[in-house]
Protein chains: 2
Amino acid sequence: MQSQVKRRSARPRPPSAVTLQQVAQVAGVSLATASRVLSDSNRNVTQELQERVLEAAARLRYVSNAPARALVQSTTSIVGLIVHDVNDAYYSAIAAGVMEVARDHKLLVMLAGTFHEPGLQAEYVARLRAQRARAVVLAGSGFTGGSPALTQELEAFAAQGGRVTAVAHQDLPVDTIVPGNREGGRAVAEHLAQLGHTEIGIICGPLALVSVQDRLHGFLERAAELGISVQERHRVEADFTRDGGRAAAVRLFRRSPGITALFALNDAMALGALAALRDDLGRSVPADVSVVGFDDLPVACDVTPALTTVRLPLEEIGRRALLLALGDATASPRTLAVPSRLVVRASTAPPPRPTG
Amino acid sequence: MQSQVKRRSARPRPPSAVTLQQVAQVAGVSLATASRVLSDSNRNVTQELQERVLEAAARLRYVSNAPARALVQSTTSIVGLIVHDVNDAYYSAIAAGVMEVARDHKLLVMLAGTFHEPGLQAEYVARLRAQRARAVVLAGSGFTGGSPALTQELEAFAAQGGRVTAVAHQDLPVDTIVPGNREGGRAVAEHLAQLGHTEIGIICGPLALVSVQDRLHGFLERAAELGISVQERHRVEADFTRDGGRAAAVRLFRRSPGITALFALNDAMALGALAALRDDLGRSVPADVSVVGFDDLPVACDVTPALTTVRLPLEEIGRRALLLALGDATASPRTLAVPSRLVVRASTAPPPRPTG
DNA sequence: AGCTGCACTGAAAGCGTTTTCCCATTGCGC
DNA sequence: GCGCAATGGGAAAACGCTTTCAGTGCAGCT
């Protein structure tokens, strides 16, 4: 009954945890039986033994060793989530969606932050591959042209059965969510044109980002269709942050004071621009200048004036991303478009003087 | 040289990953040698063999199986982070700090969200214990009176060598970070008193939360010292969210229109209160009513008027929390106070008419 | 030449599980 | 009353790795 108690080497190890063996011993059953009771095995165990095992496990506060389990089953309940910066409301919204689905599926989420270092994405995929994560959600926007290292890592991950969903990436051999960036850009162009703006400034994020490109091109495309051309010097590139937006707005208005509308390619930058217009440039919004953002972060309706922006259902994107990765593997790679929607608030109005 | 190739049962498993065995075989060395090259062992291997192994590993895109590694070393490079809601700027700021330290220590972060369900904290600790996480940061504020289930889980975790830091918890047998909640509450009382406010409303979060209690009592304590008493009916309890704050502000002003200052126990609620005052109650801030928040989320300076609030260095709290958990185990349990600081902005001013 | 000591490699043990295989017992039909 | 399927329990294999232990070859010494 207790024939399996073995001596073990006295290597310096951390204080050891309760093992199934100990539970079995306390319950007076074999290891196999204990396992069958505690893991949901398809074999049955007598009521009697079952209770004994359960009681022993509870008394010892036993929890099964997940790595050991992972080893034998060669699968885990871990999913990875790779973002650029957790403290960015865009990503934390996506993360919330991912976590919700993870909770419902009893999965654990491994959160990796690249801190905007491009190379780290591939590295984290590798680490999650090492962890034998079931799935990975690449929430951070990709870089135009893709990254060979990342692609290779993803292939290796897929080869071992890992599933991946990428959000706003291009040419990756995985399920991809395409947020309505282009379409949102178009809507903004339409809105500003309709209000009568012709002198429009654009504050871009890093042009290497897929989502920046999409938003920008959507806008330019539609603007062109409506006969508005945005001069090269009315476009500035900035960090995708509040401070980036603020500095960019100042630069832009110093250079081209005649601008009557400002399209910031995300809300964070729009917030910065709002601050710049108010505190640094002394322009009032929307009377002097209209401002549009992108993302519709919760803040957007708390600033004054409330920000006109493009709503991206970020939590839903997170949810869909994980669900996609958890879903049917054979259909992969799929592409899922998530629409965006213009939300007009108080930060946009007709330009101060009639155009022309 | 390749004597260890074994037959394996044809159980249906996911497409299998590259193993060290395969690398060894390709490199023409033994498993042991390959391991010595790829794990940073203290044994050395000839230059020649080393290169062969490295090359084979690279070619096969080998990454070592973390669960297997964890099993034999009985430790992992995983740390847990338990929050109530990732999409809450308070927690994402703490998370950012934790992730920063994790990155520097090459640790992976497992993020668990309780979605405000109290019981889930203990459950997640158990799951992280099962994962053999090295450390856990309990970022979500605790409940007054503590939770026996949580305490027991933490003890079990500690018993197997796990380290824990709790933020704003009480009576837990682990390292604890005590944010300057009480002290911040006192500072707010002082500030409002100095401006001449005597009719002060308080929007509390769930009173069961330790941080709510601390903030509230700090405030009341100092207010009392200064001869101001906050009537019971000037205090309302609300969800710790923007919407909670908004609804509470409306309730409060309907009931007690004479209030000249409002202390919301966190910024999210203060934002809601601001919205309520502006949109629902038609009061101007700070001319009619002063508003104070707590946390100093990034939003605080983007709203109009910019919010007077108590700054809590959240990222630093996150950093310190993980560092504490990673640090000297023998000194545990320790307590680390992190000071807060009142940040006066534009949302507070003297009350509309002189008191008395 | 024969040994000692050194430097390295390889075989094998073991980490804590799940699962397979085998055995013992029971219930059933004939 | 006997064989046979069905049931449930235990021993042991296997998962992929690290590490110990036991070689093996070779230089350096006596």
Side-chain angles (χ1 to χ4, degrees), chain A residues 1-14 16-25 27-50 52-53 57 62-76 130-132 160, chain B residues 1-14 16-25 27-50 52-53 57 62-76 130-132 160:
Chain A
M1 191 169 285
Q2 40 176 311
S3 55
Q4 287 146 321
V5 250
K6 290 173 192 166
R7 253 201 184 293
R8 94 178 28 165
S9 71
R11 220 190 310 152
R13 314 177 114 258
S16 58
V18 177
T19 71
L20 186 56
Q21 182 61 253
Q22 296 173 28
V23 173
Q25 198 166 318
V29 300
S30 76
L31 186 56
T33 302
S35 171
R36 289 197 264 258
V37 173
L38 295 173
S39 62
D40 33 35
S41 149
N42 43 2
R43 289 279 308 264
N44 340 348
V45 174
T46 356
Q47 182 79 13
E48 150 83 15
L49 292 190
Q50 217 172 107
R52 290 226 304 267
V53 171
Y62 170 80
V63 288
S64 85
N65 183 322
R69 207 172 177 144
L71 181 55
V72 50
Q73 307 197 323
S74 62
T75 179
T76 63
Q131 294 292 332
R132 300 302 185 256
Q160 69 177 43
Chain B
M1 192 169 287
Q2 40 175 309
S3 55
Q4 286 147 320
V5 251
K6 292 174 191 165
R7 249 195 190 296
R8 94 179 28 166
S9 71
R11 219 190 313 152
R13 315 176 115 258
S16 59
V18 177
T19 72
L20 186 56
Q21 182 62 255
Q22 294 172 27
V23 174
Q25 199 166 318
V29 299
S30 77
L31 185 56
T33 302
S35 171
R36 288 196 266 259
V37 174
L38 295 173
S39 62
D40 34 34
S41 151
N42 43 2
R43 294 281 308 268
N44 31 5
V45 173
T46 350
Q47 182 78 14
E48 151 84 15
L49 292 191
Q50 217 172 106
R52 291 225 304 266
V53 171
Y62 170 79
V63 288
S64 87
N65 184 321
R69 208 172 177 144
L71 181 56
V72 49
Q73 310 204 118
S74 64
T75 179
T76 62
Q131 294 293 332
R132 300 303 185 257
Q160 69 178 42

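Residue numbering restarts at 1 for every chain, and letters A, B, ... go by the order of the sequence lines.
Phosphate proximity of C:dT17 to A:Asn65: absent, as no side-chain N or O sits under 4.0 Å from OP1 or OP2. The side chain of B:Ser74 places no N or O atom within less than 4.0 Å of a non-bridging phosphate oxygen (OP1 or OP2) of C:dG16. The phosphate of C:dC8 (OP1 or OP2) has a side-chain N or O of B:Asn44 nearer than 4.0 angstrom. One finds no side-chain N or O of A:Ser30 lying less than 4.0 angstrom from the OP1 or OP2 phosphate oxygen of D:dA11.
In this structure A:Thr33 satisfies the side chain to side chain donor-acceptor pair (under 3.5 Å) test together with A:Ser30, sequence neighbours excluded. Looking at residues two or more places apart in sequence or on another chain, you find no side chain to side chain donor-acceptor pair (under 3.5 Å) involving B:Thr76. In this view, A:Ala34 and A:Leu20, A:Ala24, A:Val29, A:Val53 satisfy the side-chain contact (heavy atoms from CB on, under 4.5 Å) rule, not counting sequence neighbours.
Listed nucleotides D:dC17, D:dG16, C:dT17 differ in distance to A:Leu71; the shortest reach to its side chain belongs to D:dG16.
Contact annotation for B:Ser39: backbone-only contact, meaning every heavy-atom pair under 4.0 Å involves sugar-phosphate atoms and none involves a base.
Here the side chains of A:Arg132 and A:Gln160 are in contact, with some heavy-atom distance below 4.5 Å. Side chains of A:Val37 and A:Leu49 form no contact here, defined as non-hydrogen atoms less than 4.5 Å apart.
With rounding to whole Å, B:Leu31 atom CG is found 14 Å from D:dT20 atom C1'.
Checking B:Val63 against A:Ala32, the closest nucleotide of DNA chain D that is more toward the 5' end is the one next to A:Ala32.
Note on the helix from C:dA1-D:dT30 to C:dC30-D:dG1: terminal axis deviation equals 60°, with five pairs used at each end and the result rounded to 10°.
Listed by first and then second residue, the salt bridge (Lys or Arg N to Asp or Glu O under 4.0 Å) pairs involving residues 41-50 of chain B are B:Glu48-B:Arg52 (not counting sequence neighbours).
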Polar atom pairs between nucleotides 21-24 of chain D and protein, under 3.5 Å, N or O only, would you list them?
from, atom 1, to, atom 2, distance (Å)
D:dC21, N4, B:Arg43, NH1, 3.4

